[in-house]
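Indexing begins at 1, ligand by ligand and atom by atom, following the structure's order.
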Amino acid sequence: MFHKPLEDIFPNPPEGLDAHALEAHSMPQHIAIIMDGNGRWAKKRSLNRLKGHKAGIEAVREAIRCASDCGVRFLTIYSFSTENWKRPQTEVNGLMDLFAKTMLAEVDELDEEGVRVMTIGDLTPLPQDTREAFDRAWDQTRSNEGMTLVVAVNYGSRAEMLESIQKIADKAAAAGASGKDAPRVTEELFESGLYTTGIPDPDLVIRTSGEMRLSNFLLWQVAYSEFYVTPVLWPDFNRYEMLRALLDYQRRDRRYGAVR
Ligand code: IPE
Ligand code: IPE
Ligand code: MG
């Protein structure tokens with residue numbers, strides 16, 4: 001269900017892009033975005049990489065509003081991977097600072113719009129103010145019933161899966177040598193140990209900046225997701241780029257291995 005008339009969500013579509021072609025009944029329930037290309041966006045303008053990350057914030061704001069207005073239930077944004085610690089310390093610090101400031105600045109408006117803000121990933125190594133900003137956003141918005149914004153921060157799919165496997169192994173060890181009470185490893189048990197437990201698998205994964213890889217993002221959860229890669233760099237991604245992705249998604253035939 002769209003929460004606003006389509007001409008209000010997409011007021012000035014570029015020539016040839018028809019928002020009215022969008023169908024409410026086949027909207028993705030969960031969109032996951034690999035927001036890539038901030039550094040290249042900055043480089044093209046001879047700016048510092050952090051300026052690219054700052055410019056990316058406006059694109060995040062627009063993506064959240066657009067997805068929420070379109071009735072999307074879950075929007076996951078890949079913000080910092082477990083591998084991103086390899087970047088120069090100044091960039092890492094700048095990003096952490098940006099996360100804290102942005103979260104604090106945006107939380108009231110998100111709350112008013114009914115958005116529920118949660119995180120996936122291991123927040124323990126984050127600077128205290130960044131962790132507190134995410135914790136506060138969750139505390140303030142946890143009972144909201146609008147779209148859930150899932151911020152993937154210090155997220156790595158391999159670490160996530162290993163954690164779940166470890167929990168199962170610990171249960172098995174506690175069951176004793178006979179193994180009589182050992183848990184049976186099922187998809188449900190494995191998924192109950194992931195950060196994403198309770199969140200439906202993404203229907204649509206969008207990656208900006210043209211890279212054709214997952215970079216350790218939701219490896220288990222994207223088994224049957226549709227992929228959309230655009231050359232547009234993340235700071236240039238706007239509601240019309242989102243509209244292109246949604247229209248493309250709605251043309252796909254999702255077969256899940258069956259014949260139809
Ligand atoms: C994505 O942009 C943001 C993060 C990974 C935090 P990049 O910083 O990876 O931009 P490029 O890929 O260098 O252009
Ligand atoms: C993926 O982008 C991580 C995020 C968007 C947070 P990267 O820029 O880190 O990925 P690679 O290094 O190009 O694979
Ligand atoms: Mg990148």
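Here Asn84 has side-chain heavy atoms under 4.0 Å from ligand 1, and that is the only part of it that gets that close. Contacts between Ala152 and ligand 2 below 4.0 angstrom, taking non-hydrogen atoms only, are absent altogether. With a heavy-atom cut-off of 4.0 Å, Phe217 does not touch ligand 2 at all. Using a 4.0 Å cut-off between heavy atoms, Glu211 makes no contact with ligand 1 at all.
Per-residue contacts place Phe80 under 4.0 angstrom from the following atoms of ligand 2 (heavy atoms of the residue considered): 6 (C). Listed by number with element, the atoms of ligand 2 under 4.0 Å from a non-hydrogen atom of Arg213 are 11 (P), 13 (O), 14 (O). Every atom of ligand 1 with a heavy atom of Arg40 under 4.0 Å away is listed here by number and element: 11 (P), 12 (O), 14 (O). Those atoms of ligand 2 with a heavy atom of Ser215 less than 4.0 angstrom away are 1 (C), 10 (O), 11 (P), 14 (O).
Scanning the protein for heavy atoms near atom 6 (C) of ligand 1, the closest one is Ser79 O, 3.3 Å. Nearest non-hydrogen protein atom to atom 2 (O) of ligand 2 is Arg207 NH2, 3.6 Å.
Electrostatic pairing of Arg244 and Glu241 counts as a salt bridge here, judged by a charged N lying under 4.0 Å from a carboxylate O. Asp203 has a carboxylate O that lies under 4.0 Å from a charged side-chain N of Arg254, or vice versa, which qualifies the two as a salt bridge.
Within a 4.0 Å radius of atom 8 (O) of ligand 2, the protein has at least one heavy atom.
Using a 4.0 Å heavy-atom cutoff, Arg87 is listed among the residues neighbouring ligand 2.
Closest heavy-atom approach to atom 1 (C) of ligand 1 among the candidates Lys43, Glu91, Met35, His53: Met35.
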